Chemist: 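Here it is: the structure, laid out below.
Keep in mind the model is a prediction, meaning the values are calculated, not measured. All values below come from the heavy atoms of this structure, side chains included, with hydrogens, waters and symmetry mates left out.
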Amino acid sequence: MPPRLRSCNLSPSTASSPISSNASVRPQCISQPARSLREFSQSPCPQTTLRRRRFYEWMNGPGRQLKEPLPSSTNYLGAYDRYGNLVRAGPGWSREKAKQAAGGEDQPAMKVEEVKADTDADGEATKVPEGQEDLDALEKAIREGEAEEKEAKTPPKDEEHDSKLPPETAEDLRPFPLNQYFRSQPVLSEDLREAIYQRVKRDGATVSLASVEFGVSNERVGAVVRLKQMEKEWVAQGKHLAIPYSKAVLDMLPTTPYVDSIKPANKGKRPITHEPINDLIVHPATRQQLFVPVSESRHFTRVDAGKAFDNNLQPADARIPHPELVQAERELAQGLSFEERRRLAEERLAKEQAEKRRIEEKKQEEIRAQKVVPQRRWDFVFKDVSVDAVGRDGRSHKGVGWRYGVPHDDRKKSVVKIPTKVEA
């Protein structure tokens with residue numbers, strides 16, 4: 001197999017030299033022209049320039065309405081149509097009237113003709129995709145017809161009432177127009193957070209009671225109390241808080257307001273529920289499927305279902321965060337009056353608080369009874385015990401040698417180790 005030859009080019013001076021046959025000539029390889037580096041600002045294709053131009057046209061057109069958010073309203077793309085008009089606004093509402101009613105001014109609304117004039121890179125008007133113009137025209141005609149019917153049915157209103165904005169709908173809480181299933185969840189307003197903190201810290205209400213009163217879960221109530229306590233400590237220490245940032249974020253998100261029932265304007269109004277407070281966490285023992293045979297005459301309840309999965313598993317009525325609400329519904333179904341149900345609820349609450357105080361006092365008493373001797377690596381804890389703590393039979397769990405010196409009954413010969421009855 002002959003050796004491969006590289007394509008070389010001899011210079012003219014070398015080719016015309018008379019001693020080219022004797023002298024060693026170094027061939028020169030054909031060099032490829034070097035590529036010119038593209039600058040960062042250059043576009044690879046005209047489509048990028050077209051998209052950039054359309055983006056700036058949208059910013060100066062329909063997107064101009066999103067520059068300044070409406071007061072007490074979100075500022076999501078799902079709330080506006082392709083022409084920059086607010087979808088939930090009525091026929092008599094306009095941004096200028098709302099700003100004038102609020103004491104401010106705003107830029108004039110964008111005309112539809114300015115938005116439709118989309119130009120491409122060559123300066124020619126871009127064509128709307130086939131079939132899209134019919135859908136847009138149909139949607140516009142339907143909206144105009146609905147607005148005319150609404151105007152004909154409703155009586156004339158004054159300008160002050162027309163400047164009011166309707167409440168937000170589910171479409172207004174959609175920040176991503178292409179994602180039809182995502183809705184922005186509301187957050188607690190600053191007034192509601194302060195009310196929760198004052199109810200727990202100043203009035204001494206329990207976390208469970210505050211959760212029922214404000215419609216907020218136990219975990220969120222605890223988090224609000226801890227964060228507000230930290231915030232007040234920072235204020236006492238002279239630290240600066242990011243209040244403008246917090247206010248700007250709350251203005252962009254849907255919030256759950258605080259309904260103060262003490263005010264005459266809110267008399268008879270119930271607090272707005274922020275989230276479901278009785279969500280039950282799925283227990284790992286219930287993730288398996290069981291087939292439990294029972295007799296036809298047996299009444300199989302939730303307690304029996306819990307024991308079928310696990311002997312220590314309580315029913316759903318006892319595992320929910322607020323079992324007192326289940327008891328309240330049962331009393332309501334029994335036909336008890338409001339005063340009787342209120343009295344029973346107060347008694348249960350007082351009994352629960354007394355039990356918590358007793359447990360806390362017992363813990364503090366045990367801590368005081370212990371004597372701690374700190375050492376270099378460990379702390380020795382000494383506790384006084386009595387001989388009489390073992391009880392009359394010497395098998396009390398309070399005794400010193402209960403864990404080590406007392407055998408279990410199943411080791412004895414006279415003890416029956418098989419079950420003597422079967423529960424129906």
Chemist: List the atom of Y76, the atom of M252, and the distance in Å for their closest heavy-atom pair.
Modeler: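 Heavy atoms of Y76 and M252 come nearest at OH-O, 3.5 Å.
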Chemist: For a 4.5 angstrom cut-off between non-hydrogen side-chain atoms, does V224 reach V200?
Modeler: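 No, every pair of side-chain atoms sits at 4.5 Å or beyond.
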Chemist: Looking at G78 and P177, what are the two nearest heavy atoms and their distance?
Modeler: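 The pair with the smallest heavy-atom distance is N-CG, 4.5 Å.
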Chemist: Rounded to the nearest 0.5 Å, what separates atom CE in M59 from atom CZ in R64?
Modeler: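 Taking CE in M59 and CZ in R64, the distance rounds to 11.5 Å.
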Chemist: Between the side chains of R357 and E360, is the shortest nitrogen-to-carboxylate-oxygen separation below 4.0 Å, so that they form an ion pair?
Modeler: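 No, E360 and R357 are not salt-bridged.
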Chemist: When Y197 is tested against each of Q229, R226, R202 for side-chain hydrogen bond (donor to acceptor under 3.5 Å, both in side chains), which residue passes?
Modeler: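 For Y197, the side-chain hydrogen bond (donor to acceptor under 3.5 Å, both in side chains) check succeeds only for Q229.
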Chemist: Working to the nearest 0.5 angstrom, can you tell me the gap between R368 CZ and E365 CD?
Modeler: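 So the gap between those two atoms works out to 6.0 Å.
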Chemist: Taking all non-hydrogen atoms of both residues, which atom of V221 and which atom of I196 are closest, and how far apart?
Modeler: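 Residues V221 and I196, closest heavy atoms: CG1-CG2, 3.9 Å.
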Chemist: Nearest 0.5 Å please: distance from the CG atom of L313 over to the OG1 atom of T286.
Modeler: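 Interatomic distance, L313 CG to T286 OG1, rounded to 0.5 Å: 7.0 Å.
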Chemist: For Q288 and F309, which heavy atoms make the closest approach, and how far apart are they?
Modeler: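 It is O-CE2, 3.3 Å.
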Chemist: Show every donor-acceptor pair shorter than 3.5 Å between a side-chain atom in residues 318-328 and any protein atom, with sequence neighbours excluded, or say none if there are none.
Modeler:
from	atom 1	to	atom 2	distance (Å)
R319	NE	Q314	O	3.1
H322	ND1	S208	OG	3.2
H322	ND1	E324	OE2	3.1
H322	NE2	S211	OG	3.0
H322	NE2	N218	OD1	3.4
E324	OE2	S208	OG	3.3

Chemist: Identify the heavy atoms of D81 and N85 that sit nearest to each other, and give their distance.
Modeler: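 Closest approach of D81 to N85, heavy atoms only: OD1-N, 2.7 Å.
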